[in-house]
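Note: hydrogens, waters and symmetry copies are ignored here, and every other heavy atom, side chains too, is used. None of the values given here were measured: they were computed from a predicted structure.
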Amino acid sequence: MNTMTATIGSYLATRLEQIGLRHHFVVPGDYNLVLLDQLLLNRNMQQVNCCNELNCSFAAEGYARANGAAACVVTYSVGALSAFDGLAGAFAENLPVILISGSPNTNDLGANHLLHHTLGTLNFRYQQEIARHITCEAVAITHPEDAPYLIDKAIRAALREKKPAYIEIPCNLAGAACAKPGPLTSLTETPKSDPASLTAAADAAAGFLEKAVRPVLLAGPKLRAHGGISAFRNLAEAAGCGVAVMPSAKSFFPEEHAQFIGIYLGSASSAGCGEVVDSADAVLAAGPLFNDYTTAGWTAQPAEGKLIEVDPDRVRVGGATFDHVFLAEFLGALAKSVKRYPATLVEFRRARGEIGTPSVAAPDAPLSRAEMCRQIQEIIDPNTTILVETGDSWFNGLNMRLPDGARFEIEMQWGHIGWSVPATFGYALGAPDRRIVLMIGDGSFQLTAQEVCQMIRLKLPVIIFLVNNRGYTIEVEIHDGPYNNVKNWDYAGIVNVFNATDGEGRGFRATNGKELAVAIEQALAHSAGPTLIECAIDRDDCTRELMEWGAKVAAANARPPQRA
Ligand SMILES: Cc1ncc(C[n+]2csc(CCOP(=O)(O)OP(=O)(O)O)c2C)c(N)n1
Ligand SMILES: [Mg+2]
């Protein structure tokens, strides 16, 4: 039997299709053109061009958020080194993005001559070396017979670790024959906890909670990547206590649930939540990520002595660590034995007080941040995903109330401004039936604005709220200076530039509530392309949470150097 029925490119395409990809993102270059031809032969996957490789990697990152995994294909060095920024972001955000880079002809590896798109030295291995730092597996194919093994090794690692992987394919091998793919199951096995360690961890956690009177549960960003969302909810319902979420875990626990107590971010928490979490005598944090931002400058890190930390593959309770215990299994095991702890819910209702309805601004009053958010809130339905960019959009978004089913995407660990335009593009392709809403500041938009043209090209009805406060307001709150001013653009007008003669994007500028309402109405009625609504607000009109958080982060940044 002839098993050599695949090419390296078609093998890769089959694998990407098998792991659930219906799209892959590309920027062509001479080192990857034959590979792109091979990928195009697979009719079950659409090849999606991006404007540049940074955007290409962020588009894949956004697609992975919607779809569970993603792939992008770039050319050697000039492309890949740009894509590494988004790939590193996927590492930080626990998303399995496969980056495939074309590379030099295999005959050039040992030859004593220089190549274009390289450093102008004889070293052609540096790209893979760099990739090792920002992926869980980085492979370089040098012989066709090894290709299936190496491709599978990289994809398997990415799916298991929920981290990016890197595959380098020389330009003269993409069309070379190799063995055809075996069954997919070999790539997607679910890891199993050590049974004794799992039982011991669940017993220790139950015992730890029994000593507490006011425990709370805290959802962290790794819950989704590690498949723990429903197990977390079951545990919460078994324990009956208050449930807070970290900012990057917003939407991982339903906000309409009777046990939801809000977003925990120290003094920048949502109403009533900070008081309850800070005074809890035990905090079970599931898939958390505590860094200087998520702890508001180290002011909101639960003390070690009251923390149960459930990481993807280990649990820490008090002074003990239980290894090889996987998050979802642990939450499931604990749910079976946990007692009920209603105290924090009672406390939360008291601490939160009455929730008022936001007042409606006069239609022709200058647009305020509050009025903008009030109107955006009205279009968030259970089928909406709202993506929020680094800046005050983080806090505006965190303050939105999500009906059950609505989703929320934030990139708070990597925090690359400009992430959200390409990520929204990728997300929209991965979730074609959802309403996609993006909130982004003027400064961030200027990094990756050109990817709006791809939303136009593919007729994606994304709604972009571009918050024009004429500067880097989040940085103004951390540390101000003349560098925080941003050159103004005609943001609504730029959509027409991208439309050229064949696009159907729409651009609006809102300077008061009435103009915003009209623009939103038009956006909701427009399905043939994106709508960008520039919301012109005052430079200092920012959230209370940003001011609180900014002051804490500034203080953490300003700590003097320690003496030995
Ligand atoms: C790639 C990158 N460069 C620089 C920064 C630093 N930075 C963080 S937020 C920010 C400004 C964001 O301004 P804008 O998008 O206008 O949001 P605003 O705070 O005004 O709402 C900058 C420059 C970053 N996070 N990422
Ligand atoms: Mg701004």
Between Glu371 and Arg374, is there a salt bridge with N-O shorter than 4.0 Å? yes
Heavy atoms of Leu367 and Cys535 approach each other most closely as CD2-CB, 3.7 Å
Shortest non-hydrogen contact from Lys250 to Met400? NZ-O, 2.6 Å
Run the numbers on Met246 and Phe252 for side-chain contact (heavy atoms from CB on, under 4.5 Å), then give the verdict. CA-CA 10 Å; Met246 297 184 75; Phe252 294 178; over 6 Å; no
Can a donor-acceptor pair be found, under 3.5 Å and without considering hydrogens, that links the side chain of Asn67 to the backbone of Gly20? yes
Determine whether a donor-acceptor pair (N or O, by modelled atom type, separation under 3.5 Å) exists between the side chain of Asp311 and the backbone of Asp313. no
Side chain to side chain contact (heavy atoms under 4.5 Å, CB included) partners for Glu329, two or more places apart: Lys192, Ser193, Leu198, Phe326
What pairs meet the ring pair (Phe, Tyr, Trp, His ring centres under 6.0 Å) rule with one or both residues in residues 430-464, with sequence neighbours excluded? Phe445-Tyr491
Nearest 0.5 angstrom please: Arg506 CZ to Ile456 CD1, how far? 10.0 Å
I'd like to know if the side chain of Asn499 reaches the main chain of Gly505, judged simply by a donor and an acceptor atom lying under 3.5 Å from each other, with no hydrogens or angles considered. yes
Cut-off 3.5 Å, no hydrogens considered: what does the side-chain donor-acceptor table look like for residues 217-229, sequence neighbours left out?
residue, atom, partner, partner atom, Å
Arg224, NH1, Glu409, OE2, 2.7
Arg224, NH2, Glu409, OE1, 2.9
Arg224, NH2, Glu409, OE2, 3.4

Run the salt bridge (charged side-chain N to carboxylate O under 4.0 Å, His left out) test against Glu93 and tell me which residues pass, sequence neighbours left out. Arg65
Decide side-chain contact (heavy atoms from CB on, under 4.5 Å) for Ile494 and Val452; before the verdict, give the C-alpha distance in whole Å, the side-chain angles of both, and the deciding distance to 0.1 Å. CA-CA 9 Å; Ile494 206 170; Val452 172; over 6 Å; no
Donor-acceptor pair, side chain of Ser270 and main chain of Ile263, under 3.5 angstrom: yes
Does atom CZ of Phe408 have more than 12 heavy-atom neighbours, drawn from other residues, nucleotides or ligands, at distances under 6.0 Å? yes
Does the side chain of Thr295 come under 3.5 Å of the side chain of Gln301 through a donor N or O and an acceptor N or O? no
Quick check for you: to the nearest 0.5 Å, what is the distance between Leu334 atom CG and Asn234 atom CG? 11.5 Å
If we only count heavy atoms from C-beta on, is the Val338 to Leu209 side-chain gap below 4.5 Å? yes
Are the side chains of Trp394 and Thr543 in contact, using a 4.5 Å heavy-atom criterion? no
Heavy-atom side-chain proximity of His416 to Leu447 below 4.5 angstrom: yes
Partner residues of Asp490 under the salt bridge (charged side-chain N to carboxylate O under 4.0 Å, His left out) criterion, sequence neighbours left out: none
Atom pair CZ (Phe498) and SG (Cys51), whose distance is rounded to the nearest 0.5 Å: 7.5 Å
Would you say the side chain of Val277 lies within less than 4.5 Å of the side chain of Pro302, judging by non-hydrogen atoms? no
Quick one: salt bridge (charged side-chain N to carboxylate O under 4.0 Å, His left out) partners of Glu515, sequence neighbours excluded? none
Report yes if the side chains of Ser267 and Lys552 come closer than 4.5 Å at any heavy-atom pair, otherwise no. yes
Heavy-atom neighbours of Arg43 CZ exceed 12 at 6.0 Å: no
State, to 0.1 Å, how close Gly86 and Ser57 come at their nearest heavy-atom pair, and which atoms those are. CA-OG, 3.2 Å
Can you give me the closest heavy-atom contact between Val315 and Val325, atom names plus distance? CG2-CG1, 3.8 Å
Considering only heavy atoms from C-beta outward, does the side chain of Arg435 approach that of Leu524 to under 4.5 Å? yes
For the ring pair Trp414 and Phe91, is the centre-to-centre distance below 6.0 Å? no
Shortest non-hydrogen pair, Ala238 vs Arg340, comes out as O-NH1, 3.1 Å
Value for NZ (Lys336) from CG (Leu331), rounded to nearest 0.5 Å, stands at 12.0 Å
In Å and rounded to the nearest 0.5 Å, what is the OH to CD1 distance from Tyr472 to Ile474? 12.5 Å
Backbone N or O of Leu402 within a donor-acceptor pair of the Glu255 side chain at under 3.5 Å? yes
The ring-ring contact (aromatic ring centres under 6.0 Å, His included) partners of Phe348 (sequence neighbours excluded) come to none
At their closest point, which heavy atom of Leu429 faces which heavy atom of Arg22, and how far apart are they? O-NH1, 4.4 Å
Close side-chain approach of Cys72 to Val97, heavy-atom, < 4.5 Å: yes
Counting distance only, does the side-chain N/O of Trp549 pair as donor-acceptor with the main-chain N or O of Tyr293 below 3.5 Å? yes
So, using ring-ring contact (aromatic ring centres under 6.0 Å, His included) as the criterion, who are the partners of Phe260 when residues are at least two apart? none
Thr448 and Phe425: CA distance, side-chain angles, deciding distance, side-chain contact (heavy atoms from CB on, under 4.5 Å) verdict: CA-CA 11 Å; Thr448 51; Phe425 169 53; over 6 Å; no
For His526, ring-ring contact (aromatic ring centres under 6.0 Å, His included) partners two or more places apart: none
For residues 457-466, run the donor-acceptor check on the side chains, cut-off 3.5 Å, and write out each pair with its distance to 0.1 Å, sequence neighbours left out.
residue, atom, partner, partner atom, Å
Arg457, NE, Gln454, OE1, 2.6
Arg457, NH2, Asn49, O, 3.2
Arg457, NH2, Gln454, OE1, 3.2

Quick check: does any side chain N or O of Arg470 sit under 3.5 Å from a backbone N or O of Ile537, one acting as donor and the other as acceptor? no
Would you check if Ile520 and Ile533 make a side-chain contact, meaning some heavy-atom pair closer than 4.5 Å? yes
Just checking, any donor-acceptor pair under 3.5 angstrom between side chains of Ser393 and Asn396? no
Separation between CG of Leu87 and CD1 of Ile98, rounded to the nearest 0.5 Å: 9.5 Å
Got a donor-acceptor contact below 3.5 angstrom from the Thr344 side chain to the Arg214 backbone? no
Answer yes or no: are there more than 12 heavy-atom neighbours, outside Arg401 itself, under 6.0 Å from its atom CZ? no
What residues form a ring-ring contact (aromatic ring centres under 6.0 Å, His included) with Phe25, not counting sequence neighbours? Tyr63
Using salt bridge (charged side-chain N to carboxylate O under 4.0 Å, His left out) as the criterion, list what pairs up with Glu354, not counting sequence neighbours. none
Give a yes or no answer on whether the side chain of Glu411 reaches the backbone of Glu389 with a donor-acceptor pair at less than 3.5 Å. no
Within 6.0 angstrom of Glu256 CD, more than 12 heavy atoms from elsewhere: yes
Indicate yes or no for a side-chain donor-acceptor contact from Ser444 to the backbone of Gly441 under 3.5 Å, with no hydrogens or angles considered. no
